[in-house]
Amino acid sequence: MLMNSKPIIEFTNFTFQYFSQAQPTLHDINLKIYTGQKILIVGPSGSGKSTLGHCLNGLIPFSYKGEVHGSLKINGRETSTLDIFKLSKTIGTVLQDSDAQFVGLTVGEDIAFALENDNIPTDEMHQRVRSVAQMVDMHNWLTSSPFELSGGQKQRTSLAGVMIDDVDILLFDEPLANLDPATGKIAIEIIDDIHKQSGKTILIIEHRLEDVLHRDVDRVIVINDGRIIADMDAHSLVASVVLQETGIREPLYVTALKYAGVQVTEAMQAGYIETLKSELSRDALQIWYRRIQPTRQLNTRLSILNMENISFSYDGLRPVLEDINFDIKEGEMVSIVGKNGAGKSTLSKLLCGFEREDHGRILYRGEDIRTKSIKERAEIIGLVMQNPNQMISKPLIFDEVALGLRLRQVPEEKITARVEKVLKVCGLAPFIEWPISALSYGQKKRVTIASILVLDPKILILDEPTAGQDYRHYTEIMEFLVEINKLGVTIILITHDMHLMLEYTPRAIVLADGRKIADTTAAEVLTDAKVIVEANLKETSLFALSQMADVEDGTQFVQSFIDYERRLKNR
Amino acid sequence: MNMKMKLFSYNLADTFIHRLSGLTKLICFLFLTFAVMYSYDIRVILVVMVFSILLMRTAQIQFSQVRLMVIYVLIFIFTNAVISFFFSPEFGTSIYGTSHEFASVFGISLTFEQLFYQVTKIFKYASVIPLGMIFLLTTNPSEFASSLNGIRVNYKAAVAVALTLRYFPDIQRDYKDIYLAQQARGLELSRKAKFIDRFKNSLLIVIPLIFSTLDRVEVISNAMDLRGFSKSKTRTWYMSRNFSRQDALALVVSGLIFIATVFVSIFINHSRFYNPFI
């Protein structure tokens, strides 16, 4: 690849330490990025990858203070001589929460925000907004408010809002968080198209490696514990041991190749599923696949939750849910998937009694729960919200978990026993006296789960339990839920995460536009092209792998992978 | 999505009134409001009221859009009327200098003067409703922010107004979600509970609301900083409108109404009150 002699970004012996931290978050970073490159920066949570982004766009030291050693040059100029405003003319940042960063009342205003701050005359502003909106295909939405937009459209708007400054570098901070799988895939395609058309330098900070590698990148930089531990192309990266060492999830098809005993090498070009030289692994995959005995798990247990012909609408005009039927058995672990706005959250609100169905019945162990109040239902069906900060209302862990019991006037001595028991189950027993503010995000999540479990519900609904979590924390939370499930609690997961669905929930219910369009195994859902399109899901790369390996039944191949993995992990 | 949001929503239409700049509408609103607040002449008040109802027609505002707000205001006006009657039932007499009693309640005599005074006052308040509605429902909040900035209000304060409107529905939704989730944990805010318990329980909603809102504030302020907010002393506005001939017309008309009101008081009534009893 042809490279300019001068890098556009250059870190030299760069070290950064937040004033609030005892240790530097970035150690001795040396990194050169050249004009027009497309770079993926991966690393687990807390590795320093977001801090690196903040150093580039000027949020450090503008909003987050700390001590800097070494040098960081952008376009040949030392960043310590530039402020956040000057930097924002060179490097545009798209933050991960495309809803919260939408500061305008309409798309047009949001895109124009940077121009407004630059005192550009109103007429010129309108022209420039129109032309940049055209680039991201939002020109017909300029007067729409954020409430009328989908997640993908909000992200396009954010992108237009930074591109309007004609920056040289675009920085994407976890662009895939909060997006459904199909929208995430499109986001990666838009970024790639913009890279190809404009030749801008692109930096993507993400931990979802496989999803970003849907389109090619020039280099992948791996950060762990504040240090750059790898800087290579995607093919070399998946062939190396770096991913396992840092706890970043490798692409699923690579895992499958390894299960089949294939030695993944650079020559196999396994960085992207499209470039994979499958002739080198075909035989091994076929042999492996034939050896796996399918597990037939027939759930003969009693049903615990039935929805019969449920319909619901908020305004009496547009139905949000239409004629939903399903039957969940005791001890099942089920995921509910579908695009944003498909009615998943509404479904959980109906189950908890937050909203009342217009038609149909909800049965718990065969008994209609229509007459039960929200409080009474909570003793059967517990709901854990996505953001733990939305639930935590007490400073101490013990008080937080005890809250539901205290509000129910349970005698204090019984409360202590029950809280201690549930904290033990949740692995929080050592922290019983701790303030919640001292906990990590994952631990806070556990506290909220504990505060629901203490009421001893038979069914637990979790809304996006692993959102924004890296692979290690994801695994921690999910393995914990498996433990809870083994204790006999039925678990319903509302999720966008296709990996979670494949690995942890044998069954998936798929909603699209308020209707149930599938209710079957995760393997079948993620290999059914029609369901995938309708529900904004994404086909698993295992399916593509099975086709490369000339396996006839792709769905069975995916199922075999799940069965193999489950046995391997002894679940 | 949510009916409550409609209390604040602005109605998209393209009428003469919508095309006026937000600043013009604010000044006209103030002129007309001062006019009816200054005058106790029911004739003047009725003229302004009929005028503003006509304006509401022009702006294509439907009664269904404003029903909720009208109900609130009417309740307020009537409560106010009843209370002020019981506090000073003689006030009308003392203003108009005569006393024509026609009935009595609980030993308090009812006079035509008092009745006339209170009816005037009710219309006075009531005539402000359509004016306020027109202003709220036809002014784009961002455009209004730009107008505020136009009259030298600090642009940061003006943006804060627009941002409040932008994030209000989000926070309202958070509040509802938190409230329901805490209810599931057993929280009750019913009137049966003691005041101190209700206060303590409401903290169970407020605290998570504050923390989740703070998360949001951090993202918003980063997003704004990264796009150069507050870098210079001035800023321009995507939504600002130029001052047009129509704006001038509206200002002149409402200014004239205000002057006419003052004129009627000084030269015809020789006081703020119109006295039909002499």
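Note that this is a predicted model, so its numbers are computed, not measured. All chains are named by letter (A, B, ...) in the order of the sequence lines, taking the proteins before the strands, and each is independently numbered beginning at 1.
- Side-chain atoms of B:Asp247 and B:Ser244 form a donor-acceptor pair, as typed in the model, at a separation below 3.5 Å.
- Only the side chain of A:Arg408 comes within contact range of chain B, judged by heavy atoms closer than 4.5 Å.
- A:Asn57 touches chain B through backbone and side chain together, each having a heavy atom under 4.5 Å away.
- Not one N or O on the side chain of B:Tyr155 forms a donor-acceptor pair closer than 3.5 Å with the backbone of B:Leu148.
- Using bins of under 30°, 30° to 60° and over 60° for the plane-to-plane angle, the ring pair B:Tyr179/B:Tyr175 lands in the parallel bin.
- Counting heavy-atom pairs closer than 4.5 Å to chain B, the top-ranked of the candidates A:Leu455, A:Val384, A:Ile91, A:Leu403 is A:Leu403.
- At a 4.5 Å heavy-atom cutoff, A:Leu383 makes no contact with chain B through either its backbone or its side chain.
- A:Phe62 touches chain B through its side chain: at least one heavy atom from C-beta onward sits under 4.5 Å away, while N, CA, C and O do not.
- Of the residues considered (A:Val162, A:Ile84, A:Ile374, A:Leu105), A:Leu105 shows the highest number of contacts with chain B, using heavy-atom pairs under 4.5 Å.
- With a 4.5 angstrom heavy-atom cutoff, B:Ile220 touches chain A via backbone and side-chain atoms both.
- Looking at A:Ile111, the atoms closer than 4.5 Å to chain B (heavy atoms on both sides) all sit in the backbone: N, CA, C or O.
- With 3.5 Å as the limit, one finds a donor-acceptor pair spanning the side chains of B:Arg185 and B:Gln182.
- Neither side chain, A:Gln390 nor B:Asp177, offers a donor N or O lying under 3.5 Å from an acceptor on the other.
- Each of B:Ala162, B:Ser232, B:Ser142 has some count of heavy-atom pairs under 4.5 Å with chain A, and the biggest count is that of B:Ser142.
- The candidate from A:Gly92, A:Gly108, A:Ser63, A:Ser451 with the greatest count of non-hydrogen atom pairs under 4.5 Å with chain B is A:Gly108.
- Among B:Ser212, B:Ala223, B:Gly228, B:Ser221, the residue making the largest number of heavy-atom pairs under 4.5 Å with chain A is B:Gly228.
- Of the possible donor and acceptor atoms, none in the side chain of B:Arg227 sits under 3.5 Å from a partner among the backbone N and O of B:Asn222.
- Annotation: cation-pi geometry not satisfied between A:Arg356 and A:Phe312 (NZ/CZ under 6.0 angstrom from ring centroid, within 45° of ring axis).
- Looking only at heavy-atom pairs under 4.5 Å with chain B, the residue among A:Asp83, A:Asp99, A:Asn387 that has the most is A:Asp99.
- Using a 4.5 Å cut-off between heavy atoms, A:Leu115 contacts chain B through its backbone alone, with no side-chain atom that close.
- Both the backbone and the side chain of A:Glu400 come within contact range of chain B, with heavy atoms under 4.5 Å apart.
- Between A:Ile205 and A:Phe172, every side-chain heavy-atom pair lies at or beyond the 4.5 Å cut-off.
- Most heavy-atom pairs under 4.5 Å with chain B: of the set A:Met385, A:His126, A:Lys86, A:Glu116, this distinction falls to A:Glu116.
- Taking the salt bridge (charged side-chain N to carboxylate O under 4.0 Å, His left out) definition, one finds that A:Asp456 meets it with A:Lys458, sequence neighbours left out.
- To the nearest 0.5 angstrom, A:Leu82 atom CG is 10.5 Å from A:Ser88 atom OG.
- Within the 4.5 angstrom heavy-atom criterion, only side-chain atoms of A:Pro146, from C-beta onward, approach chain B.
- In this structure, the portions of A:Asp110 lying under 4.5 Å from any heavy atom of chain B include both its backbone and its side chain.
- The shortest heavy-atom contact between B:Ile17 and B:Leu55 is CD1-O, 3.3 Å.
- Contacts with chain B were tallied for A:Ile164, A:Val129, A:Asp123; A:Val129 has the most, counting heavy-atom pairs under 4.5 Å.
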